Amino acid sequence: MQNAGFAALGLNWRYLAFDVHPDDLRAAILGAGVMRFLGLNLTVPHKILAFGMVDHQDDSAAKWRAVNTIRFEAMDASGAWKPLSQLPVQSIGKVRSVGFNTDADALIRALREDLGLEPCGASVLLLGAGGAGQTAALVLAEVGVSKLFLVNRTQGKAQDLRQKIQASFPAVAVFTGYPDGPVDLIVNATSLGLQASDPLPLDPAQFSIAKATAVYDMVYRPAETPLLKHARAASCRAANGLGMLLYQGARALEIWTGQTAPLDAMRAALRDEVYGR
Ligand code: ATR
């Protein structure tokens with residue numbers, strides 16, 4: 001996806017994958033800067049660790065206390081920090097790392113663009129209170145959903161999350177358990193659906209999917225999870241999690257390049273990679 005994006009912009013850049021042990025993360029970030037990498041993406045389990053390791057945090061990282069994108073910067077002749085890509089190589093002195101988080105906005109963009117759903121004011125049933133579920137709950141609360149119903153296999157985690165949201169976002173009505181009435185949106189943030197043998201992440205005896213207008217499944221492989229199959233059969237609008245992956249990557253590319261992401265080229269490459277040619 002990133003290499004296709006760079007190619008579409010005519011940039012002679014390369015995006016490469018490296019396995020880094022968490023114990024070596026600090027050295028890896030410092031090393032990448034010293035070698036004048038333009039930036040990095042980080043994934044689990046590095047996102048929270050990296051938050052304390054970057055030299056400077058963008059607001060997006062500070063808000064979520066997690067970093068999934070790093071841009072390396074150095075000072076220009078006037079003493080202003082600039083992305084390395086904007087500086088002549090010979091002028092690059094001391095390099096600093098700046099941490100960003102592009103995950104949170106990606107969910108909201110996916111809901112708006114892939115589902116046609118405006119989360120502000122919506123009532124939402126969120127399935128899952130693990131790492132992805134917690135971030136989703138906080139992002140949805142921040143964007144101003146009206147009601148948030150939290151369901152998780154381990155109920156204590158949903159209750160802890162409810163308290164966290166109530167403390168930070170008092171305007172949002174947060175509940176644990178299934179709603180009595182209809183909802184605008186169901187979000188699956190559990191890992192159920194990745195395996196063909198997985199049960200549905202929602203108990204149909206307790207909540208009928210037909211009571212939802214739209215269903216967003218963060219799982220994107222397989223393209224149609226059992227939950228999405230049920231959603232389509234019940235005439236709900238439905239989308240899988242590929243958009244979240246695309247939009248977080250597109251925003252990262254914009255942070256590194258300063259240019260608008262070539263979304264169609266990135267989406268096509270991502271689909272080829274994930275679903276095969
Ligand atoms: P992630 O970072 O992807 O969210 P996680 O923190 O391990 O990963 O969370 C996985 C989520 O899927 C959790 O909500 C988990 O429920 P528990 O908190 O009860 O563990 C949920 N999950 C995983 N397997 C499940 C299963 N077999 N049945 C119900 N929920 C499941």
Side-chain angles (χ1 to χ4, degrees), residues 19-22 25 41-52 60-61 63-69 101-108 110-111 119 124-143 145 148-165 174-179 183 185-209 212 215-231 239-249 252 270 274:
D19 273 327
V20 175
H21 190 278
L25 182 60
N41 274 144
L42 305 96
T43 190
V44 176
H46 296 319
K47 297 183 193 185
I48 293 170
L49 285 173
F51 176 74
S60 60
K63 199 187 308 177
W64 305 108
R65 303 189 67 77
V67 165
N68 78 329
T69 301
N101 188 310
T102 69
D103 286 330
D105 288 349
L107 169 63
I108 301 305
L111 295 177
V124 182
L125 167 57
L126 176 64
L127 309 169
Q134 288 200 33
T135 307
L138 290 164
V139 175
L140 289 165
E142 203 221 10
V143 85
V145 295
L148 192 54
F149 298 88
L150 305 174
V151 168
N152 195 51
R153 174 179 58 180
T154 312
Q155 292 183 10
K157 281 207 236 169
Q159 282 155 4
D160 290 350
L161 185 54
R162 175 169 63 102
Q163 285 178 0
K164 203 165 160 181
I165 297 203
V174 200
F175 310 91
T176 50
Y178 288 100
V183 290
L185 172 68
I186 297 174
V187 175
N188 176 38
T190 75
S191 45
L192 293 176
L194 285 168
Q195 309 295 332
S197 57
D198 282 345
L200 285 178
L202 140 158
D203 180 358
Q206 297 205 58
F207 189 81
S208 161
I209 208 164
V215 177
Y216 192 78
D217 197 338
M218 287 194 187
V219 175
Y220 56 83
R221 201 166 12 204
E224 186 167 69
T225 61
L227 179 71
L228 291 177
K229 205 170 271 175
H230 274 72
N240 74 19
L242 200 74
M244 276 183 74
L245 184 58
L246 172 66
Y247 299 132
Q248 64 77 32
L270 183 60
V274 174

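This structure is a prediction, so every number in the text was calculated from the model and none was measured. Both counts, for ligands and for their atoms, begin at 1 and track the order of listing.
- Under the 4.5 Å side-chain criterion, counting only non-hydrogen atoms from C-beta, P119 is not in contact with V124.
- Distance CG/D105 to CD1/I108: 8.0 Å, rounded to 0.5 Å.
- When each atom of ligand 1 is checked for a heavy atom of G128 under 4.0 Å away, the hits are 14 (O).
- Between L127 and L150 the shortest side-chain heavy-atom distance does not fall below 4.5 Å.
- Atoms CH2 and CG, on W64 and D103 in that order, are 10.5 Å from each other to the nearest 0.5 Å.
- Nearest non-hydrogen protein atom to atom 26 (C) of ligand 1 is R153 NH1, 3.2 Å.
- Close approach to A129 involves these atoms of ligand 1, each under 4.0 Å from a residue heavy atom: 14 (O).
- Proximity of F51 to N101: side-chain heavy atoms (C-beta onward) are nowhere separated by under 4.5 Å.
- S191 OG, 3.3 Å is the protein heavy atom nearest to atom 23 (C) of ligand 1.
- The protein non-hydrogen atom at the shortest distance from atom 28 (N) of ligand 1 is L192 CD1, 3.5 Å.
- At the top of the distance list for atom 8 (O) of ligand 1, counting protein heavy atoms only, stands G131 N, 4.3 Å.
- Among all protein heavy atoms, the one lying closest to atom 9 (O) of ligand 1 is G130 CA, 3.5 Å.
- Judged by distance alone, the side chain of N152 and the main-chain N or O of A129 form a donor-acceptor pair under 3.5 Å.
- By the definition of a contact as any protein heavy atom under 4.0 Å away, atom 6 (O) of ligand 1 is in contact.
- Annotation for ligand 1: atoms under 4.0 Å from non-hydrogen atoms of K157 are 17 (P), 18 (O), 20 (O).
- A side chain to side chain donor-acceptor pair (under 3.5 Å) with N68 is found for exactly one of Q248, K47, H46, namely Q248.
- The shortest distance between side-chain heavy atoms of I209 and L227 falls below 4.5 Å.
- When L200, V151, N152 are ranked by how near their heavy atoms come to atom 16 (O) of ligand 1, first place goes to N152.
- For ligand 1, the atoms sitting less than 4.0 Å from at least one non-hydrogen atom of T190 are 11 (C), 12 (O), 21 (C), numbered in the order shown with element in parentheses.
- Against a heavy-atom cut-off of under 4.0 Å, A132 is close to the following atoms of ligand 1: 1 (P), 2 (O), 4 (O).
- D198 contributes a side-chain N or O that, together with a main-chain N or O of G193, makes up a donor-acceptor pair within less than 3.5 Å.
- Of the candidates N188, L194, V219, T154, the one placing a heavy atom closest to atom 17 (P) of ligand 1 is T154.
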